[in-house]
Amino acid sequence: MTVAKLIDTITFNNSKCAEKALVFTNLPRDGLLVSPGSSSCLVATYDADEWHITKVNNETRHETRLSLSDIGKRYFNLAQPSAQGLLPHLVTPEMEVERIFNSLRYKYLRAIHLSKVPNPKAYLHYSYNKAFQALAGLKVYQGNPPVRKANDDFWREAGFTAEAKDLDWQKEQEELKRILTLLKIISRKSMSRVYAELIAIKPGFHELYLHRDYFHAETIPTGISPRDQVFRMLRNKEELSSLALHKFPQEMNKRNYFGYAPCNVTEGPFVFRKSNNVSYFDEIRRIRTKRQIGTLKDKFHILDYSRHDLSTQEKLGNFLELAKPFCRYPAVSP
């Protein structure tokens, strides 16, 4: 298989991603490939019957003379780059979003483990959302209480330790900023579709998988915001064609999207698509009843910690070994 043929086999079709953009992972496949000396990501994009390698950095995008073979030799130590050698390092941009949130879930469970709480299972609940947000360095919304708490009080009072706070929570925020910036640049022809996919990733999948009232009519949002529109689309009450976005809504910046729906972290689950061609948006829309939810495992790797017995530190430690692979890209099929 030629490199060009490889790209054709693993990209979205035009209805899913108009520009057929794939992003390169780094060598260990635990993040994006970032050019040395800059924060540029390398993107392979199909345009005018050709594949181009571009560098995307901040708000700019420019061509590079690097070929796919050059990248294979320079960044992946491949003497003779082949389809098999490059395949593990080409993913859709949304898969980086997926990986970042898996990494956060893993980090949250590590924070529980490091804090040596008596019953780790109790912390896998949305009541710890504010504690997680404070650990991650986000300003917790308090409303207008008579006495305002210091932000750090939320994680301290919840039983987390300074060792948990010292985990590098900034890493995922910076990674999220990078991939959202990239998506804004490369998705200008498919903004509505990409936005719908991002909301399906977070919190759409979590809500479908864990919320018992997901199919209740009264839980379907009725507002006019793009986000509410997507929630209705995911429940098959509205079509994607009704959403006409020319730019991402304000919530799609690193802090807003990072902190939105923190139960995606405190309750899970870990999830990774099995194929580059799998869409969260499409697969969620196919689920019409609770009985059908089990079929999601045909398309996704799922590790649900909310239903695991993690009642002791030992059990949590063992579970972390199962969860660790979700922090890097899995082997995916075309």
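None of these values were measured; they are calculated from a predicted model.
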Practice task
Fit a plane to each ring of Phe326 and Phe272, take the angle between them on a 0 to 90° scale, and name the class: parallel (under 30°), tilted (30 to 60°) or perpendicular (over 60°).
Solution key: parallel
Problem - Gln170 atom CD, neighbour heavy-atom count above 12 within 6.0 Å - result: yes
Handout entry: Check ion pair Glu174-Arg178 (N to O, under 4.0 angstrom)
Key = no
Exercise for the section: Determine whether more than 12 heavy atoms belonging to other residues, nucleotides or ligands lie under 6.0 Å from atom CZ of Arg291. Expected result: no
Problem - N-O pairing of Glu321 and Lys324 below 4.0 Å - result: no
Exercise for the section: Tell me whether the centres of the aromatic rings in Phe160 and Tyr123 are closer together than 6.0 Å. Expected result: yes
Handout entry: Tyr260 six-ring centre to Arg227 NZ/CZ under 6.0 Å and within 45° of normal
Key = yes
Handout entry: Close aromatic pair by centroid cut-off 6.0 Å: Tyr280 and Phe300
Key = yes
Exercise for the section: Evaluate ring-ring contact (aromatic ring centres under 6.0 Å, His included) for His308 paired with Phe319, printing each intermediate quantity in order. Expected result: CA-CA 9 Å; His308 263 72; Phe319 183 82; 4.7 Å; yes
Practice task
Look at Glu98 together with Lys202 and state whether they make a salt bridge at an N to O cut-off of under 4.0 Å.
Solution key: no
Exercise for the section: Inspect the surroundings of CD in Gln142 and state if more than 12 heavy atoms from other residues, nucleotides or ligands are less than 6.0 Å away. Expected result: yes
Handout entry: Ring centroid separation Tyr209 to Tyr214 under 6.0 Å
Key = no
Practice task
Start with the C-alpha distance between Tyr305 and Glu267, add both sets of side-chain angles, then the distance that settles side chain to side chain donor-acceptor pair (under 3.5 Å), and finish with yes or no.
Solution key: CA-CA 7 Å; Tyr305 47 94; Glu267 296 180 343; over 6 Å; no
Problem - Atom CZ of Arg212: over 12 foreign heavy atoms under 6.0 Å - result: no
Handout entry: Enclosure of His216 NE2 (heavy-atom neighbours >12, cutoff 6.0 Å)
Key = yes
Exercise for the section: Salt-bridge test for Asp304 and Lys297: reply yes if a basic N is under 4.0 Å from a carboxylate O, no otherwise. Expected result: no
Practice task
Step through the shown structure and confirm whether more than 12 heavy atoms of other residues, nucleotides or ligands are within 6.0 Å of NZ on Lys149.
Solution key: yes
Practice task
Apply side chain to side chain donor-acceptor pair (under 3.5 Å) to the pair Ser279 and Glu197, showing each step before the final yes or no.
Solution key: CA-CA 7 Å; Ser279 159; Glu197 187 74 10; 2.8 Å; yes
Practice task
Would you indicate whether Lys177, at its atom NZ, is surrounded by more than 12 heavy atoms from other residues, nucleotides or ligands within a distance under 6.0 Å?
Solution key: no
Handout entry: Distance-only polar pair, side chains of Gln133 and Tyr141, donor-acceptor under 3.5 Å
Key = no
Practice task
Go through the side-chain N and O atoms of Thr295 and Asp298 and say whether any donor and acceptor fall under 3.5 Å apart.
Solution key: no
Exercise for the section: On the 0 to 90° scale, with breaks at 30° and 60°, tag the Phe248-Tyr195 ring pair as parallel, tilted or perpendicular. Expected result: tilted
Problem - Arg328, CZ: over 12 other non-hydrogen atoms inside 6.0 angstrom - result: yes
Problem - Test item: side-chain donor near acceptor, Thr266 and Asn129, under 3.5 Å - result: yes
Handout entry: Presence of salt bridge, Asp309 and Lys315, under 4.0 angstrom
Key = yes
Practice task
Measure from the ring center of Tyr257 to the ring center of Phe101 and say whether it is less than 6.0 Å.
Solution key: yes
